[in-house]
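The next block holds one structure in the form of structure tokens; read it before the comments.
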Amino acid sequence: MNAELFPRSRTEVAPGAVHVPDWLDAGRQRELLEACRDWSRPPAGLRTVHTPGGGTMTSQQVCLGWHWYPYGYARTVVDGDGAPVKPFPEWLDELGRRAVADAFGGDDAFEGEPTAPYDIALINFYDADARMGMHRDSDEKSDAPVVSLSLGDTCVFRFGNTQSRTRPYTDVELRSGDLFVFGGPARLAYHGVPRVHPGTAPEELGLTGRLNVTLRASGF
Ligand SMILES: O=C(O)CCC(=O)C(=O)O
């Protein structure tokens, strides 16, 4: 039995930032995982990202639509094998728009969002030791909300403020199938993943580790 003593519900973590637990059912999670496995294969597959300051990101990444590198976007994997970035499928745009509608449904401040189609996906894979430091998603021109989907292991997702990497922030537990959307006044908030809880993925999913898919609109 998997019943929660205190069922999780939609929560507005900050103005414009919404957590929707269990947004993807088990079947949809499996489909998205299979797609992530395909996208991870070379060419333009899963890669380790190095920052200009000499750092190495502990999560591994693959991109669709536009290739993100620190700190910009390109049409080819300029910091990897040089291959053209994989195409962004239309169904991911539909998924992104549905996610925004479900997260902000009935919220007048988000009436009409997003203004641009989703055309970028960043897929991050976290093993047990991987983390992501506090950062802002600020390399896009569009201010359409960022849509984040989680698969596999549970993580601590730290959602902060637009001014600094430090407090105030809120730690949210993101589990497999959860949706997190941030737009409007929260679009440029600092956020990160300080911790992954290994071995917490749903057994039937068949994933060791955590995958996060963020959908963004480039506005390019
Ligand atoms: O893994 C996550 O939940 C966050 C990913 C993230 O912050 C990013 O892709 O910019």
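Nothing fancy with the numbering, it's 1 onward along the sequence. Whatever order the structure lists ligands and atoms in, that order sets their numbers, starting from 1.
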Subject >> Rounded distance (nearest 0.5 Å) linking atom CD1 of Ile123 with atom CG of Leu215 >> reply: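 Ile123 CD1 to Leu215 CG: 8.5 Å, rounded to 0.5 Å.
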Would you mind listing which atoms of ligand 1 come within a distance below 4.0 Å of any non-hydrogen atom of [X]?
X: Thr214; value: 9 (O)
X: Asn124; value: 9 (O)
X: Tyr126; value: 1 (O), 2 (C), 4 (C), 5 (C)
X: Val193; value: 1 (O), 2 (C), 3 (O), 4 (C)
X: Asp137; value: 10 (O)

Would you confirm whether [X], through its side chain, and [Y], through its main-chain N or O, come within 3.5 Å as a donor-acceptor pair?
X: Arg187; Y: Asp137; value: yes
X: Gln29; Y: Leu24; value: yes
X: Lys86; Y: Trp39; value: yes

Subject >> Geometric N/O contact His135 with ligand 1, under 3.5 angstrom >> reply: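 N/O-N/O distance under 3.5 Å: yes.
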Original post:
Purely on distance, is any nitrogen or oxygen of Ser150 under 3.5 Å from one on ligand 1?
Top reply: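 Not met; the criterion fails.
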**OP:** Could I get the full list of side chain to side chain donor-acceptor pair (under 3.5 Å) partners for Thr58, not counting sequence neighbours?
**Re:**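 Listed in chain order: nothing, the list is empty.
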Original post:
Identify the closest protein heavy atom to atom 5 (C) of ligand 1: which residue and atom is it, and at what distance?
Top reply: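 The closest one turns out to be Asn212 OD1, 3.5 Å.
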Original post:
Between Tyr169, Phe180, Tyr190, which is the residue that forms a ring pair (Phe, Tyr, Trp, His ring centres under 6.0 Å) with Phe159?
Top reply: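 Exactly one pass, corresponding to Phe180.
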Original post:
Quick one: which of Met132, Arg136, Arg158, Arg210 has a heavy atom closest to atom 3 (O) of ligand 1?
Top reply: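 That would be Arg210.
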Original post:
How are the rings of His191 and Phe157 set relative to one another: parallel (under 30°), tilted (30 to 60°) or perpendicular (over 60°)?
Top reply: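 Rings of His191 and Phe157: tilted, 30 to 60°.
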Original post:
Heavy atom under 4.0 Å from ligand 1: found in Arg216's side chain, backbone, both, or neither?
Top reply: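 Answer for Arg216: side chain.
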Original post:
Using a heavy-atom cut-off of under 4.0 Å, does the side chain or the backbone of Phe180 touch ligand 1, or both, or neither?
Top reply: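 No part of Phe180 is near ligand 1 at this cut-off.
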**OP:** Give a yes/no on ligand 1: does Gln61 have at least one heavy atom closer than 4.0 angstrom to it?
**Re:**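 So Gln61 does not count as touching ligand 1.
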Original post:
Can you tell which of Asp79, Thr51, Val49 makes a side chain to side chain contact (heavy atoms under 4.5 Å, CB included) with Tyr69?
Top reply: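 Only match with Tyr69 under side chain to side chain contact (heavy atoms under 4.5 Å, CB included): Asp79.
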